[in-house]
Amino acid sequence: MNQPLKQHLIDPEICIRCYTCEMTCPVGAIVHDDNNVVVNAETCNFCMDCIPVCPTGSIDEWRVVSQPYSLDEQYEWDELPEQQDLGSDEASTGLEALDDTMAALLAEAHQGAGGKSKPPTTAGKASINMYNLGKPAIAKVQGNYKLTNAEGHDVRHIILDLGALPFPVMEGQSVGIIAPGTDADGNAHLPRLYSISSPRDGERPNYNNISLTVKREDKGICSNYVCDLENGDEVKITGPFGATFLLPDDPNARLLMVCTGTGSAPMRAFSMRRQRVGATGGATLFFGARSQDTLPYFGPLSKMPETVLDQHLVYSREGAKEYVQDRMIQESDLVADLLSDPKTHIYICGLRGMEEGVEKAFSSIAETIGTQWLTLRDAMREEGRYHVETY
Ligand code: NAP
């Protein structure tokens, strides 16, 4: 038997095909086909640069193998294979030493990262990867509405109609949009990923349509394409993606949602779903924007009853500068009560930079109730009650 080796893999079920790992890998070990994003065992040097940039933790998969899985094998997977039983003492002894080095590297790479998430135990099963680069779905634009009034801050609510095409989605999932044309090297553009901001039964109930929340980025190829779409235009979409950032089906579950800017997209989907099904557990939202006129969904939010959504809207460039984590600290009692409740599910979405501040806020609030945040967070993540999607 060959000397066993550790192989770095990507979980195709959880990966949302944002290609950030591929763009980050300094040695070109991460590649994709129409279906999956995979790691080339011959090229990967375990530098770990890809670990902290992954928004879902799907990148953090390792198998001990006697023969590495080839790219072709990985391209075919819908789910990861189980760890093989290598069955020899020699194999396990060699691996312990390897594991220490890997553990040290991983611990460093994981600093500040969301880590690998699990779906809520009561979440429905999400369909994933039904449409890919080679076989995208064609959606028709049904609406393109400006959500913000600030000059130079154009956030759009885009409604896409899937017609008769099967496109089952769950709140919290994402889709890829393929901008037409090619890049400077003549290659087709990679899809850009957007969270779905509508509930599973449609932007309009019982219609086969979805909505997205898209901010126009300076020189952004896909965001400018999407923000300029007109009704009736046809759009190529991939997905749906994501099998963990999902809602619990339990109507009594309590939601604690923390988001910045367009990271509000899945929170809108969650809130609408909970309102439509008459969930009773309630939801608390900490939502940060630069100012009122850059806050997507500002008007509609004010119409949501407090029993459905307890809102804490904070602004960093209007009045005294305030971030979501500052307001969480101000509302310590409320957050502490949520942290103490085993029915609470936490969702964090938006800028990568917010994670550190939000984690610090959770740490100091947990201390006030005699709880160690990291222990609680890891337990909640294991129970499918702690979810982060930041990039
Ligand atoms: P933005 O307007 O640039 O920022 C929103 C707010 O977050 C501002 O008030 C900003 O304050 C504040 N902020 C900046 N740094 C922070 C920190 N360290 N801690 C807490 N708050 C901080 O946001 P955006 O342009 O909409 O970007 C949202 C991000 O979410 C993007 O990176 C996007 O990729 C990501 N995202 C989007 C989706 C989606 O579906 N669209 C899904 C997941 C993630 P100042 O700028 O005034 O400092």
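Please read all numbers here as calculations on a predicted model, not as lab measurements. Counting starts at 1 for both ligands and their atoms, in listed order.
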Does the pair [X]/[Y] count as a salt bridge with the N-to-O cut at 4.0 Å?
| X | Y | result |
| --- | --- | --- |
| Arg327 | Glu322 | yes |
| Glu356 | Lys360 | yes |
| Asp326 | Lys321 | no |
| Arg63 | Glu73 | no |
| Arg254 | Asp337 | yes |
| Lys140 | Asp233 | no |

How are the rings of His312 and Phe286 set to each other: parallel, tilted or perpendicular (split at 30° and 60°)? parallel
What orientation do Tyr131 and Phe167 show, parallel under 30°, tilted 30 to 60°, or perpendicular over 60°? parallel
Can you find a side-chain donor-acceptor pair between Asn35 and Asn129 that sits under 3.5 Å? yes
Please compare Thr262, Asp326, Ile16 and report which has the shortest non-hydrogen distance to atom 26 (O) of ligand 1. Thr262
Shortest protein heavy-atom distance from [atom], along with the residue and atom involved:
| atom | value |
| --- | --- |
| atom 11 (O) of ligand 1 | Ser316 OG, 3.0 Å |
| atom 12 (C) of ligand 1 | Tyr323 CE2, 3.7 Å |
| atom 2 (O) of ligand 1 | Arg290 NE, 3.1 Å |
| atom 6 (C) of ligand 1 | Gly288 O, 3.6 Å |
| atom 44 (C) of ligand 1 | Tyr391 CZ, 3.6 Å |
| atom 27 (O) of ligand 1 | Leu351 CD2, 3.6 Å |

[X], portion touching ligand 1 at heavy-atom distance under 4.0 Å:
| X | answer |
| --- | --- |
| Lys215 | side chain |
| Ala289 | backbone |
| Ser195 | both |

Decide whether the shortest distance between a heavy atom of [X] and an atom of ligand 1 is less than 4.0 Å.
| X | result |
| --- | --- |
| Gly350 | yes |
| Thr213 | yes |
| His153 | yes |

Could you state the interatomic distance from OG1 (Thr43) to NE2 (His8), rounded to the nearest 0.5 Å? 13.0 Å
Which of the ligand 1 atoms, numbered from 1, are nearer than 4.0 Å to a heavy atom of [X]:
| X | answer |
| --- | --- |
| Gly261 | 5 (C), 23 (O), 26 (O) |
| Ala265 | 40 (O) |
| Gln325 | 19 (N), 20 (C) |
| Arg317 | 45 (P), 46 (O), 47 (O) |
| Cys349 | 42 (C), 43 (C), 44 (C) |

Criterion ring-ring contact (aromatic ring centres under 6.0 Å, His included) on Tyr297 and His157, from CA distance to verdict: CA-CA 9 Å; Tyr297 306 116; His157 183 67; 5.5 Å; yes
So, is the end of the Arg274 side chain (NZ or CZ) under 6.0 Å from the ring centre of Phe270 and within 45° of the ring's axis? no
Please determine if Gly353 has a nitrogen or oxygen closer than 3.5 Å to a nitrogen or oxygen of ligand 1. yes
If we only count N/O pairs under 3.5 Å, is Thr260 in contact with ligand 1? no
